[in-house]
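One structure is given below, encoded as structure tokens.
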Amino acid sequence: MAKHKTPLLDQLESGPWPSFVSDMKQLAEERAKNPQKIEFQIPVDVVDDLLGLLELSYKDGATHWKHGGIVGVFGYGGGVIGRYCDQPEQFSGVAHFHTMRINQPGGKFYTTDYLRKLCDLWDLRGSGVTNMHGSTGDIIFLGTRTEQLEEIFFELTHKYNQDLGGSGSNLRTPADCIGAARCEWACYDTQDLCYQMTNDYQDELHRPAFPYKFKFKFDGCPNCCVASIARSDLSFIGTWRDDIRIDQEAVQGYIGGELKPNAGGHSGRDWGKFDIHKEVIKLCPTECMWMEGKKLMIDNKECNRCMHCINVMPRALHIGNDRGLSILAGAKAPILDGAQMGSLLVPFIKAEAPYEEIKDVIEKVWDWWMEEGKNRERLGELMKRQGLQKLLEVTGITPDARHVKEPRSNPYIFWKEEEVEGGWTRDVNEFRKHHQR
Amino acid sequence: MAKHKTPLLDQLESGPWPSFVSDMKQLAEERAKNPQKIEFQIPVDVVDDLLGLLELSYKDGATHWKHGGIVGVFGYGGGVIGRYCDQPEQFSGVAHFHTMRINQPGGKFYTTDYLRKLCDLWDLRGSGVTNMHGSTGDIIFLGTRTEQLEEIFFELTHKYNQDLGGSGSNLRTPADCIGAARCEWACYDTQDLCYQMTNDYQDELHRPAFPYKFKFKFDGCPNCCVASIARSDLSFIGTWRDDIRIDQEAVQGYIGGELKPNAGGHSGRDWGKFDIHKEVIKLCPTECMWMEGKKLMIDNKECNRCMHCINVMPRALHIGNDRGLSILAGAKAPILDGAQMGSLLVPFIKAEAPYEEIKDVIEKVWDWWMEEGKNRERLGELMKRQGLQKLLEVTGITPDARHVKEPRSNPYIFWKEEEVEGGWTRDVNEFRKHHQR
Amino acid sequence: MAFISSGYDPKEPMKNRITDIGPRKYDEFYPPFIAKNKGKWLYHEYMKPGVFFHVAESGDKVFTVRVGGARLMTTVHIREICEIADKHCGGHVRFTTRNNVEFMVDDEKKVDPLVKDLESRKFAGGSFKFPVGGTGAGITNIVHTQGWIHCHTPATDASGPVKATMDVLFDDFKNSRLPAKLRVSLACCLNMCGAVHCSDIAILGYHRKPPMLDHEYLDKMCEIPLAIAACPTAAIKPAKVEIGGQKVNSVAVNNDRCMFCGNCYTMCPAMPLADKEGDGIVIMAGGKVSNRISAPKFSKVVVAFLPNEAPRWPQTTATIKKIVEAYAKAARKYERLGEWAERIGWERFFEKCELPFTHHLIDDFRDPAYYTWRQTTQFKF
Amino acid sequence: MAFISSGYDPKEPMKNRITDIGPRKYDEFYPPFIAKNKGKWLYHEYMKPGVFFHVAESGDKVFTVRVGGARLMTTVHIREICEIADKHCGGHVRFTTRNNVEFMVDDEKKVDPLVKDLESRKFAGGSFKFPVGGTGAGITNIVHTQGWIHCHTPATDASGPVKATMDVLFDDFKNSRLPAKLRVSLACCLNMCGAVHCSDIAILGYHRKPPMLDHEYLDKMCEIPLAIAACPTAAIKPAKVEIGGQKVNSVAVNNDRCMFCGNCYTMCPAMPLADKEGDGIVIMAGGKVSNRISAPKFSKVVVAFLPNEAPRWPQTTATIKKIVEAYAKAARKYERLGEWAERIGWERFFEKCELPFTHHLIDDFRDPAYYTWRQTTQFKF
Ligand code: SRM
Ligand code: SRM
Ligand code: SRM
Ligand code: SRM
Ligand code: SF4
Ligand code: SF4
Ligand code: SF4
Ligand code: SF4
Ligand code: SF4
Ligand code: SF4
Ligand code: SF4
Ligand code: SF4
């Protein structure tokens with residue numbers, strides 16, 4: 001029977017959606033019973049106390065966690081988030097309750113064998129509570145004591161060939177969409193690029209040398225299934241620069257009704273017979289599609305690769321063959337100056353191992369940011385402060401109309417002296433000969 | 001024969017567009033001949049020197065005018081722009097060359113009798129050169145000497161019942177579109193409202209009490225023929241809130257081709273047969289129009305009164321009958337913080353003499369701006385600094401979704417203490433009882 | 001219990017230390033049919049909500065069953081996932097970017113037994129362990145953050161409101177009746193770890209009371225200059241305060257300039273903001289991430305504040321339900337919530353969702369606020 | 001010549017002084033048919049470019065003939081306008097908001113003689129005095145400012161570039177072949193008295209050299225603190241300078257922070273910017289004012305700089321002509337230039353107008369610049 005009464009939390013056990021309360025309760029019981037006779041390295045009742053503390057927060061309408069303080073593993077600047085409870089007497093099991101960020105595998109694919117190993121480790125040395133996964137992408141080990149941090153790290157690296165993820169003013173754990181592994185729209189191998197960048201930049205990930213956090217995310221196409229454009233300082237989004245491949249027979253299949261629009265993703269309602277004009281041609285943002293008799297035509301030069309038509313008719317339309325990715329820079333959450341989406345930095349770049357070209361861009365961006373960025377200034381904030389022009393200059397990318405949604409509407413151009421005929425040094429007395437005071 | 005050689009300006013005499021150079025030359029000659037034996041009160045060769053000075057600017061690629069200095073008429077803070085030439089010896093005729101701003105009549109209608117009187121006055125006491133009209137709307141008397149300012153003002157007020165316009169940190173000369181005088185789309189009497197506001201606020205117009213300039217412009221409908229939305233601190237733009245009146249027969253007239261779309265304003269090219277779907281229904285920004293058989297239907301509740309359909313079919317569609325105007329605030333040129341268009345302040349207000357309701361809004365805006373505005377801070381800049389919320393608060397206008405294009409995307413709401421349950425004063429030690437340090 | 005060493009020696013931390021090895025390589029964990037067909041997929045199709053298959057050039061098919069997950073999971077639950085994956089999927093499983101779990105099989109025949117098995121499992125409290133759904137034009141899992149379970153700055157809980165909301169939206173997790181995908185996210189403070197700034201509907205924890213000042217300890221617990229520098233509105237100034245007869249260094253806060261961001265608290269534990277009545281939830285709407293048809297959009301604040309009503313946040317869930325129903329009713333096929341609001345105009349959005357528009361929703365934060373005001377006579381009565 | 005007194009007595013300025021009487025009342029000047037039908041107009045129609053009529057409920061018609069005006073006009077020219085108005089229009093005439101002149105008659109028969117008369121009049125130099133046109137889907141008069149004819153801050157002339165440009169665009173003043181109205185404006189410095197910030201095509205005078213510092217006179221001619229305060233980029237600092245052996249108060253300018261706005265010069269005549277090579281023209285495009293179909297738009301900078309080539313600014317007029325032709329060729333009926341550019345995308349606008357895109361066109365002025373960058377993968381190769 002439970003250590004603490006949790007009348008409020010108990011109300012979260014009903015209802016269809018999986019209840020984290022029920023789950024935590026079953027773990028609490030399991031630890032109490034301890035059928036496997038595990039030599040728990042942190043208090044056996046850690047989960048009971050976690051539930052008790054959370055219940056208290058539900059009563060008080062406020063958190064009971066304090067600031068972290070500097071805890072971590074030797075030589076790493078990140079991977080651990082320190083946490084202490086503000087009621088240690090009442091809830092000694094969670095007096096320390098640090099989280100560890102475990103760098104997830106690409107595409108978040110697992111073997112059960114590996115998952116079980118992680119569970120064994122975490123039952124022994126931690127609370128047994130996790131997040132699968134954290135918002136950035138890591139496996140989150142939620143709650144252990146300081147003295148276990150090194151032990152866990154040692155086992156991870158020695159037994160499981162597994163490293164920690166990022167936190168602090170580091171490169172954060174990169175994340176990818178499932179992409180080529182199971183998606184027909186991947187314009188490059190997101191898992192491979194993500195893996196290579198993670199490994200090539202281990203030093204940046206583990207040892208804080210940056211003004212603030214820095215995030216990479218890898219989306220295989222503009223659908224952005226890992227939301228890179230909204231939450232990574234550098235977003236790598238797949239695209240192509242040749243033509244959408246059309247299977248005219250399949251087009252007829254959709255028109256005829258044999259094939260379900262959007263792969264059947266709208267099955268919950270009768271939207272009526274598929275109308276290619278209404279559902280595809282008219283919704284194309286560039287108006288670059290039309291029917292020529294029974295033939296669907298696309299003026300690919302005008303297509304901006306928004307994916308809509310392909311999303312609607314996956315069997316008829318396929319991404320082009322000349323593939324690569326666009327790099328966007330500066331996305332971040334609102335604090336402090338307001339949220340930013342990534343701004344287009346590289347319209348198109350090939351994505352082939354060993355990705356030297358891409359790394360060249362990354363490193364030039366870092367050089368600038370590390371040089372100019374203030375403490376706790378994200379790349380996007382520096383871009384706002386010094387301008388996209390500046391970023392293009394330092395990365396040696398030729399400014400192009402594609403970099404802007406629209407040209408500036410203010411004429412306040414900061415001309416450089418070398419751009420102005422005759423330079424800036426003038427003799428006022430010479431001027432005064434023609435213009436009296 | 002001309003006093004100064006003007007080889008560069010002479011090249012501006014050819015070509016079809018009316019040449020200001022030819023015009024000035026004819027005036028220069030006229031003054032030299034002086035058939036009417038006018039006792040010119042400023043140098044007879046003022047126009048020759050103006051041409052000569054301008055020629056010099058064309059050679060030097062720079063202006064030869066200096067700052068104005070404080071000239072004006074007694075008791076007025078505006079109406080005169082002082083100007084001195086930086087080559088007074090060479091061009092003594094324009095050594096002084098002040099402009100006077102004469103408050104134009106509504107709709108810029110004139111009788112020839114009145115125009116001739118102005119010409120007589122200006123030939124006698126000034127250069128005889130004018131701008132018909134200045135960008136704000138005034139008649140501009142371009143160039144006279146300091147000692148003539150009071151004389152001209154005296155004659156204007158005594159003989160012609162005519163006052164000066166504005167300059168400096170004053171209310172500037174209000175301007176209107178032709179509106180009801182000759183336009184079927186006027187939703188209120190722009191000339192009358194403009195006239196009333198000009199007269200009711202003469203003190204604000206002539207005596208600087210504002211932080212900076214302030215402009216009124218009056219447009220009879222959203223076509224904005226006096227560009228109020230782009231260049232007046234308060235724009236008054238006519239609108240209606242009932243239904244567009246439809247003459248179905250005339251609609252058929254357009255469809256049938258008897259009536260010319262857009263009143264024949266596209267006559268220079270063969271655009272093919274009029275297509276009401278392509279040219280009207282599909283271009284309606286709110287998609288609130290459709291055909292029911294031969295009948296054109298409008299869902300007026302969804303109409304945003306953009307004027308397009310009315311512009312295209314003036315004989316078939318007429319503005320509604322429940323008319324008034326919208327007030328927008330803050331428009332200005334870019335310097336310093338970037339240009340602003342007017343932001344919607346009052347979605348709808350009736351415009352009937354004596355316009356008390358409208359004046360109430362104007363005066364509340366002024367009270368706030370005069371209280372809070374910094375020196376040389378335009379209303380729009382103050383709005384940016386303190387927020388539209390604040391302007392609504394001080395004008396007592398209920399905030400409404402119509403005031404925004406979209407709600408804020410940042411959550412940084414400045415809550416007021418009285419809005420928050422329990423207020424802000426709290427006892428930290430009370431808090432510490434539940435949350436240890 | 002006895003301490004068990006991993007082999008790590010505190011006295012010699014560097015002794016055969018292994019670092020910088022990164023994550024496990026993705027392909028170690030691919031199921032065989034994924035490894036084989038990677039990069040050669042042709043198309044996909046939904047069989048029913050939560051179940052879809054992909055067809056490869058080779059003719060191979062992979063059938064995926066997606067189940068909802070409370071991403072706060074225990075090892076007990078993970079072990080059960082493993083058990084299922086062993087039984088049906090050859091020991092392979094994956095997680096999605098929105099914290100759902102995907103079970104994949106290579107044969108259509110294996111789908112029904114798998115689904116039946118998944119749907120049959122329930123927690124003691126009665127909730128599903130593995131509800132199948134979350135695909136297509138419906139509502140999938142809520143991306144969220146820590147809340148009261150682990151963080152020190154939250155203005156609301158995360159897992160609780162998420163559970164309560166998903167219970168209310170559950171039908172749309174199991175069904176694809178919506179005009180398009182509708183993404184719900186939650187972040188427990190405005191750091192927005194859940195990246196709620198671009199979701200169709202976002203639940204955001206927000207404080208409304210300026211920090212309390214623990215003068216007696218402030219100078220001891222904090223770097224005063226850092227706290228001052230942390231404030232985006234420069235509301236904090238240094239101050240000397242009299243405590244028990246003696247002057248101590250502390251800070252003063254100009255409450256009227258405070259936007260309750262909590263940055264000072266992040267820097268200085270002696271400036272707590274949390275408050276039962278002050279803290280609560282902001283509802284945002286109309287954001288999106290994909291580049292489909294329209295560019296990505298930020299979420300907009302549509303409800304300035306709702307109280308923290310633990311344990312089930314009824315007002316929050318009811319408001320969200322209202323928005324979803326209004327959207328389901330009025331939007332066009334393929335139209336995201338934000339695209340719908342922009343097409344009909346935000347004045348109509350509030351009408352159709354029966355939400356009051358309050359002054360709080362008018363942007364007054366810095367220069368760009370101007371661009372959110374209405375600079376045209378185009379509006380609807 | 002002898003001084004003629006108006007009756008004003010400098011010794012007693014207040015002696016029967018009249019003030020605050022405002023303008024003449026509009027209706028004193030209405031032609032009878034306007035007075036009669038005011039507010040009762042039904043519709044209008046164009047007979048040909050520059051000529052249109054309005055029909056009133058009463059059945060009355062007013063025929064308007066619009067002629068272009070160099071708004072810089074002499075009394076000689078105005079008297080000629082009066083002569084024509086007496087001859088044809090019962091002594092009435094009006095000016096438009098874009099400085100054209102409108103002659104109105106109440107009978108269709110009076111139109112042709114009026115037009116013939118107007119078209120027949122030419123200046124000695126050969127240009128038309130009263131070209132008929134400027135209506136409908138064409139190009140009308142250029143709203144402009146003072147330039148070198150009267151102002152102290154211009155970076156280019158006004159009347160000259162306007163004359164040169166209207167000569168090049170004259171066919172479109174006489175014709176309505178364009179997809180929609182196309183408004184051209186000019187302002188000779190960035191104060192933008194011509195309100196060029198929202199024109200289809202704008203000609204803007206711009207300086208490119210920081211102010212010269214007339215140290216010897218600066219302290220005498222200016223209020224140094226005002227000059228410093230005037231600078232939007234805080235580029236100006238107080239400085240002591242050595243002049244002929246003695247230290248004088250003056251200012252120093254950080255040239256790299258200067259955006260050449262001339263505000264310092266407006267406040268302080270001892271800081272002139274004007275320069276033959278430095279000054280020139282910026283071309284902006286895509287603005288509009290009306291609320292028709294789309295909301296009003298600002299003009300965007302499309303050419304960062306063109307030199308001042310007096311007297312006819314050939315590069316400026318050629319650039320404008322290129323833009324007009326590209327627009328005429330590609331835009332849809334009723335589509336304004338800015339609407340066209342947004343539909344096809346600005347990357348295509350530069351292509352079709354054969355204008356180079358340079359780094360200068362990327363906004364880097366303050367925070368809102370961010371909103372002009374491209375936050376989507378949607379772009380055209
Ligand atoms: C664990 C996690 C939330 C979760 O439950 O999943 C998290 C938790 C915290 N985040 Fe975060 N962030 C997490 C993903 C994010 C994301 C989403 C993402 O990475 O895609 C964002 C928005 C994207 C971005 O980076 O802008 C995010 C934006 C922030 C910010 C605001 C940063 C900014 O520049 O806007 C802070 C504030 C800060 O850095 O001091 C922050 C700070 C924090 C801190 C460290 C609180 C603090 O101020 O010290 C939180 C620790 C909570 C705890 O006790 O565990 N967290 N944080 C996520 C990391 C898990 C993982 O590694 O997988
Ligand atoms: C005469 C006129 C231009 C013309 O040739 O038509 C004019 C001329 C001057 N304007 Fe202007 N402005 C004139 C209409 C405008 C307009 C257009 C309008 O009013 O619709 C604007 C843009 C709209 C606006 O107000 O924002 C305009 C925005 C400025 C500004 C920028 C103000 C701002 O806040 O953005 C300045 C700078 C200043 O005030 O110091 C300025 C300053 C000036 C000064 C006084 C130069 C100065 O800095 O002292 C110019 C005197 C020139 C001269 O020697 O005659 N003028 N000025 C226009 C007034 C004639 C009239 O009364 O009818
Ligand atoms: C599994 C997952 C990727 C992963 O690496 O885990 C994924 C997988 C697929 N996405 Fe996605 N998307 C996934 C997160 C996302 C996200 C990210 C997010 O929501 O945080 C987005 C951006 C959402 C947004 O715009 O706010 C996303 C926007 C899309 C879109 C564009 C939808 C739209 O209308 O804008 C498509 C195309 C479509 O659905 O037709 C899409 C299509 C697909 C397809 C059909 C791609 C394919 O051919 O395999 C995949 C299955 C469809 C499905 O889920 O209904 N996927 N997809 C993610 C599943 C999350 C979940 O558990 O529900
Ligand atoms: C005479 C004048 C008003 C005045 O008080 O002087 C006027 C008069 C008319 N305008 Fe205008 N507009 C006048 C300046 C404007 C301006 C202001 C400006 O350009 O500075 C605008 C805003 C331009 C812009 O959006 O940038 C303007 C935007 C319109 C529109 C909307 C056009 C559009 O496609 O956006 C219409 C409707 C139409 O043309 O179908 C319109 C329609 C009209 C009509 C047809 C109204 C009517 O029924 O009488 C008038 C004659 C048509 C014409 O000129 O072709 N008028 N009109 C102005 C003539 C200026 C000139 O000499 O050329
Ligand atoms: S982002 Fe594109 S490639 Fe990646 S999973 Fe989504 S749809 Fe597939
Ligand atoms: S991808 Fe988008 S832009 Fe390209 S053709 Fe398809 S719908 Fe049109
Ligand atoms: S603004 Fe409207 S009412 Fe005024 S003249 Fe133009 S069209 Fe007519
Ligand atoms: S006025 Fe504009 S919005 Fe209204 S019906 Fe006509 S076209 Fe549509
Ligand atoms: S959103 Fe705020 S409260 Fe929630 S986890 Fe992130 S930092 Fe902590
Ligand atoms: S909460 Fe934010 S705004 Fe308020 S005082 Fe702290 S840092 Fe400043
Ligand atoms: S635009 Fe500049 S230069 Fe031209 S008149 Fe106005 S203030 Fe003078
Ligand atoms: S020109 Fe403008 S930016 Fe340059 S110094 Fe003068 S005021 Fe400052």
Side-chain angles (χ1 to χ4, degrees), chain A residues 8 11-13 15-20 22-23 26-27 39 57-58 61-63 65 67 74 103 105-106 108-109 112 119 123 128 131-132 135 150-151 154-155 157 163 180-181 184 191 198-199 202 222-224 226-227 230-231 263-269 307-308 314-315 333 336 339 341, chain C residues 1 6 8 13 18 20-24 26 29 34 38-39 41 43 45-46 70-77 82 85-86 91 94-95 97 123 125 127-128 136-137 148 152 154 159 163 166-167 170 175-177 192-193 195 197-198 232 269 274 276 289-293 296 308 310-311 333:
Chain A
L8 291 168
Q11 297 176 51
L12 286 171
E13 292 199 83
W17 189 252
S19 169
F20 68 101
S22 303
D23 189 12
Q26 71 179 3
L27 175 60
E39 291 252 358
S57 285
Y58 270 53
T63 191
W65 299 106
H67 282 60
F74 187 81
N103 194 329
K108 302 196 178 80
F109 282 93
T112 51
C119 291
D123 282 332
N131 289 144
M132 297 295 284
S135 296
E150 288 287 1
E151 306 295 333
F154 195 93
E155 279 199 47
T157 48
D163 207 336
E184 65 269 35
Q191 267 122 64
T198 307
N199 284 46
Q202 280 290 297
N223 281 332
C224 285
V226 72
R231 37 185 206 130
H266 292 253
S267 58
R269 195 197 300 195
M307 295 297 296
H308 174 63
R315 295 186 64 164
L336 295 172
M341 299 279 182
Chain C
M1 311 212 167
S6 61
Y8 170 75
I18 299 175
D20 301 278
I21 56 175
R24 293 288 289 264
Y26 53 89
F29 297 144
I34 292 290
K38 181 175 180 182
W41 299 103
Y43 64 88
E45 195 174 308
Y46 299 94
R71 68 159 210 169
L72 178 68
M73 287 183 184
T74 68
T75 48
V76 178
H77 192 66
C82 293
D86 287 344
R94 80 171 287 265
F95 293 80
T97 60
F123 283 111
S127 65
F128 287 102
W148 295 333
H152 64 297
S159 302
K163 159 71 173 157
M166 284 310 290
D167 281 343
F170 194 69
N175 189 339
S176 309
R177 61 147 188 163
M192 294 199 188
C193 299
H197 58 288
C198 45
K276 183 167 191 158
V289 166
S290 82
N291 292 276
R292 181 183 193 166
I293 301 176
N308 273 329
K333 193 177 182 186

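Chain naming here is simple, since letters A, B, ... match the order of the sequence lines and numbering starts at 1 in each. All values below were derived from every heavy atom in this structure, side-chain atoms included, with hydrogens, water molecules and symmetry-related copies excluded.
Using a 4.5 Å cut-off between heavy atoms, Asp20(C) contacts chain A through both its backbone and its side chain. Contacts between Ser57(A) and chain C at a heavy-atom distance below 4.5 Å involve backbone atoms as well as side-chain atoms. Contact of Pro269(C) with chain A is made through backbone and side chain together, with heavy-atom distances under 4.5 Å. Both the backbone and the side chain of Asp23(A) come within contact range of chain C, each with at least one heavy atom under 4.5 Å from a heavy atom of that chain. For Phe128(C), the parts lying near chain A are the backbone and the side chain together; criterion is any non-hydrogen pair under 4.5 Å.
In terms of heavy-atom pairs under 4.5 Å with chain A, the best-connected choice from Gly136(C), Cys198(C), Ser159(C), Pro232(C) is Ser159(C).
Taking CD from Gln202(A) and CD1 from Ile21(C), the interatomic distance works out to 8.0 Å, rounded to the nearest 0.5 Å. With rounding to the nearest 0.5 Å, the separation of CD1 in Ile18(C) from CZ in Phe154(A) is 7.0 Å. Rounding to the nearest 0.5 Å places CD of Gln26(A) at 9.0 Å from OG1 of Thr75(C). Note that the OH atom of Tyr43(C) and the CD atom of Glu184(A) stand 10.0 Å from one another [nearest 0.5 Å]. From Gln191(A), atom CD reaches atom OH of Tyr26(C) across 7.5 Å, with rounding to the nearest 0.5 Å. Here the straight-line distance linking atom CZ of Arg71(C) with atom CE of Met132(A) works out to 11.0 Å at 0.5 Å rounding.
Judged by distance alone, with hydrogens and angles left aside, the side-chain atoms of Trp17(A) form no donor-acceptor pair with the main-chain N or O of Ser127(C) at under 3.5 Å. Checking side-chain atoms of Lys163(C) against main-chain N and O of Gly15(A) turns up a donor-acceptor pair under 3.5 Å. Counting only distance, with no hydrogens or angles, the side chain of His77(C) and the backbone of Leu27(A) share no donor-acceptor pair below 3.5 Å. Between the Asn291(C) side chain and the Pro222(A) main chain, a donor and an acceptor come within less than 3.5 Å of each other. With hydrogens and angles ignored, the 3.5 Å screen pairs no side-chain donor or acceptor of Arg177(C) with any backbone N or O of Gly268(A).
For Ser6(C) and Glu155(A), the side-chain atoms include no donor-acceptor pair closer than 3.5 Å. For the 3.5 Å distance criterion, the side chains of Asn223(A) and Ser290(C) fail to qualify, holding no donor opposite an acceptor.
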